[in-house]
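Count residues from 1 along the sequence.
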Amino acid sequence: MENFGEILNYIGRTNLFNFLIFLSIIIFLVKKIDVSGKLESAKNGIAQNIENSKTAKSDSESLLKEVEKSVENLEEEIEAIIKKSENNARLVGDKILEDARSLALSVKDNSVKSAEARAGHLKNDILKRAMKASVEVAKDHILSELGRNSDLHNRLIDESIDALDGVVL
């Protein structure tokens with residue numbers, strides 16, 4: 001059993017030796033990596049994120065209050081805009097109706113004037129035609145009278161000559 005005790009003693013010493021080597025490697029790595037500095041940096045970063053979150057929260061809350069305040073009178077503003085729009089639409093509609101009435105009166109007056117002018121032209125045309133017809137009838141009557149009575153022809157020539165003698169140029 002003595003052997004067994006020696007074996008245990010040997011194992012204990014070698015494990016202790018391995019543990020000491022492992023521990024020295026860990027200490028070396030901790031010093032080399034600067035774990036405490038990194039932990040402090042991470043802690044500071046987290047603290048800064050928390051502070052930024054608090055600031056963002058207070059900014060968001062104040063913005064929310066401003067938005068709520070601006071929305072407070074929104075219904076009244078919408079009603080005012082609708083009333084103003086209705087008034088504007090009514091005014092525009094009245095103006096359109098007034099312009100349409102004015103235009104209708106103008107068209108009516110122009111139509112009456114145009115009809116009167118057309119009637120005047122037609123009246124003049126009818127008078128011209130009547131005068132031409134009267135002249136034709138008078139001409140035909142004179143020619144027929146002259147054809148029946150040749151003395152009238154000579155007397156007409158004499159009267160025309162006498163009328164021309166009285167004209168002063």
Out of curiosity, E77 CD to K84 NZ, how far, rounded to the nearest 0.5 Å?
-> 12.5 Å

Using only heavy-atom distances, determine whether the side chains of S144 and R148 contain a donor-acceptor pair under 3.5 Å.
-> yes

Separation between NZ (K32) and CD1 (I25), nearest 0.5 Å, reads 14.5 Å

Checking salt bridge (charged side-chain N to carboxylate O under 4.0 Å, His left out) for the pair K95/D99: CA distance, chi angles, key distance, verdict?
-> CA-CA 6 Å; K95 177 67 174 156; D99 289 349; 3.3 Å; yes

Is D59 close to L63 at the side-chain level, that is, under 4.5 Å between some pair of heavy atoms?
-> no

Here the gap from S53 atom OG to I46 atom CD1, rounded to the nearest 0.5 Å, amounts to 11.5 Å

Is any side-chain heavy atom of R90 closer than 4.5 Å to a side-chain heavy atom of D94?
-> yes

Among K123, K128, R129, salt bridge (charged side-chain N to carboxylate O under 4.0 Å, His left out) partner for D125 | R129

V67 and I78: same hydrophobic cluster, using ILVMFWY side-chain contacts below 4.5 Å?
-> yes

Which distance, rounded to the nearest 0.5 Å, do you find between the CG of N110 and the NZ of K108?
-> 12.5 Å

Hey, any chance I126 and V135 share a hydrophobic cluster, counting ILVMFWY side chains that come within less than 4.5 Å of each other, even indirectly?
-> no

Without hydrogens or angle criteria, can the side chains of N44 and Q48 be said to hold a donor-acceptor pair below 3.5 Å?
-> no

With side chains defined as the heavy atoms from C-beta onward, is the minimum distance between L105 and R101 less than 4.5 Å?
-> no

Which value, rounded to the nearest 0.5 Å, describes the distance between L64 atom CG and K57 atom NZ?
-> 12.0 Å

Is a side-chain N or O of S106 found less than 3.5 angstrom from the main chain of S102, in a donor-acceptor match?
-> no

Nearest-0.5 Å distance, CD of residue E136 to NZ of residue K132 | 9.5 Å

In the single-linkage hydrophobic clustering (I, L, V, M, F, W, Y; side-chain heavy atoms under 4.5 Å), do M131 and L122 co-cluster?
-> no

